2 protein chains.
Amino acid sequence: MLKKGLLGQLIQNFCSLPGVGPKSAQRIALYMLQRDRNGARLLAETLLDALKNIDYCQQCRTLTEQLLCEICADTTRDNALLCIVENPADVWQIDQATAFKGYYYVLHGRLSPLDGIGPNELGLDILEQRLATASIQEIILATNSTVEGEATAYFISEIAKKYTISASRLAHGVPMGGELEFIDSGTLSHAFKGRKLL
Amino acid sequence: MLKKGLLGQLIQNFCSLPGVGPKSAQRIALYMLQRDRNGARLLAETLLDALKNIDYCQQCRTLTEQLLCEICADTTRDNALLCIVENPADVWQIDQATAFKGYYYVLHGRLSPLDGIGPNELGLDILEQRLATASIQEIILATNSTVEGEATAYFISEIAKKYTISASRLAHGVPMGGELEFIDSGTLSHAFKGRKLL
C-alpha cells in the first residue's frame, strides 16, 4: 500500500531471491537504504560485474570468469577421473570434503522431462564428446539422491557404457553421527544391504 | 577456496545482508547467475536507482523518492496527532493495522549512548521544532518495547511536556490469541495491572 514506487519495487525484487520472503525482503531493503548505502552500492556493482563476466567454463560448465575454471586449468589433476554433479556448489562441496583430485562436469540441473529439461539442456552432448575423446576411465555420478537425480545418473551411465568407461555412484547409508532411530527406512534398507565386513 | 574471484566476492556481498548466512548467500548468487540473469540485472539496477533517488522525507524522515512522503503530502489527515516510530517499516505496519489517520515521525533508531546514538542522530531537534510550531495536541510514542525503546519514549515525552502536548504510549498486554501459559511474566504483570472493567 505504502510500499509502492521505487522502494516497493526494490522490496519486490529482493523478494524474488530464493529463501527470501516478503518480511525479509523489506528488512533487507530498509537496511541497505538506512544503514549500509556503501555496501548496497558495492553489491549492485558486483552483481552487474558478475553478470557481465561470469559464464560457464568451456570444459566443465561450472561458473567462472575465465575460459577455463581453476580446476580445469590445473593440469596436475588426474584426467582418468571425472565427477559429474548437478550444481557448481556441489563441486565446492566435494572438493572441500573429499580427497578427489580428478576433474568435474556440471550439469546445471537434472533430467526432468515435465519441466522440459532433456539431455541437451544438461549439455550431455558435450559430455559425450568428452567421454569419446578424452582419457577418462571412470566417471563418478554425484547427482542428488532424488528420483530425478537417480534417473540422470542411470542415463549417463548408459552413455559411459558405449565407451567402456566404468561408472560409479556415491554410496548410500547411515550419515556419520546419525542415530538409527531417526533415519528413514529407505536409507536404512540401503545401509543394511551395503553392509561391510569389519 | 574455490569461491574466490568475482563469484566469491558476490557471495560475500550477499552474505552481508541481514538474515542471510553463507549458505543462503551462495544459493542466491548461484541462482542469479544460473537461472535468473534478467532478474539479477533488474535487482542491481533498481538498487542503484533507489540509492540515488530515495532519501528521507523532509517532514517525517521516512524513506521516499519525493521531498515529502505520501502521508506527509496528504493534507486530509489529522494534524493534531503525531505517531513516533523507530523505523519506516513501523509506519507501514501501523498504517495497515490501525485506523490511525494522523502523521508520523521516524527516528531511524533509538537512543543508545553506548553505540553513539544520541538525540541528534534521531533528529529529535527537528522533532522539537515541529512540536513547537505545529498544531500537535497528542504524540503517540510507538517505539519498541525494549529498554532502549522505553528510554527513548520517556525522553521524547519530556520534550512534549515543555510544549504542553500530551504523550501516550501503546498499551502492554496479552497478545490477541495468546495463551496465558506461554506469556512471559513481565507482559502478564502489565496486563494484570492494566485490566479493564467489562
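Here is how names work: the chains are called A, B, and so on, in the same order as the sequence lines, proteins then strands, and each is numbered from 1. Treat the numbers as computed from the prediction; the structure is a model and nothing was measured.
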Please tell me if the side chains of [X] and [Y] come closer than 4.5 Å, counting only heavy atoms from C-beta onward.
{"X": "A:Ile28", "Y": "B:Val20", "result": "yes"}
{"X": "A:Asp49", "Y": "B:Leu6", "result": "yes"}
{"X": "A:Gln34", "Y": "B:Asn87", "result": "yes"}
{"X": "A:Leu30", "Y": "B:Trp92", "result": "yes"}

hydrophobic_cluster_shared for [Y] and [X], side chain cutoff 4.5 Å:
{"X": "B:Leu122", "Y": "B:Phe155", "result": "yes"}
{"X": "B:Val106", "Y": "B:Leu81", "result": "yes"}
{"X": "B:Tyr103", "Y": "B:Tyr163", "result": "yes"}
{"X": "B:Leu68", "Y": "B:Tyr104", "result": "no"}
{"X": "B:Leu10", "Y": "A:Leu42", "result": "no"}

Is the number of heavy atoms from other residues, nucleotides or ligands within 6.0 Å of OH (B:Tyr154) greater than 12?
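Open: at most 12 neighbouring heavy atoms sit under 6.0 Å from OH of B:Tyr154.
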More than 12 heavy atoms of other groups within 6.0 Å of A:Arg61 CZ:
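Buried by this count: over 12 neighbours within 6.0 Å.
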To the nearest 0.5 angstrom, please state how far the CG atom of A:Leu17 sits from the OH atom of B:Tyr31.
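Output value for this atom pair is 8.0 Å.
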Measure the CG-CG distance between B:Leu33 and A:Leu63 for me, rounded to the nearest 0.5 Å.
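These two atoms lie 5.5 Å from each other.
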Chain B: which of [options] shares the most heavy-atom pairs with it under 4.5 Å?
{"options": "A:Ser16, A:Gly19, A:Ser24, A:Pro88", "answer": "A:Pro88"}
{"options": "A:Gln12, A:Gln9, A:Gln26", "answer": "A:Gln26"}
{"options": "A:Pro18, A:Ala50, A:Gly109", "answer": "A:Pro18"}

For chain A, which candidate among B:Ile54, B:Asp36, B:Leu48 shows the most heavy-atom pairs at distances under 4.5 Å?
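Heavy-atom pair counts peak at B:Ile54.
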Report, by ascending residue number, the residues of residues 127-147 of chain A in heavy-atom contact with chain B at a distance under 4.5 Å; give 'none' if the set is empty.
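At a heavy-atom separation under 4.5 Å, chain B is reached by no residue of residues 127-147 of chain A.
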What part of B:Lys52 is in contact with chain A, defined as an atom under 4.5 angstrom from a non-hydrogen atom: side chain, backbone, both or neither?
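The answer is neither part of B:Lys52.
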Please classify the contact of A:Gln93 with chain B as side chain, backbone, both or neither, using a heavy-atom distance under 4.5 Å.
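Contact with chain B: side chain only.
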Donor-acceptor pair, B:Arg37 side chain versus A:Leu51 backbone, under 3.5 Å?
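A pair under 3.5 Å: yes.
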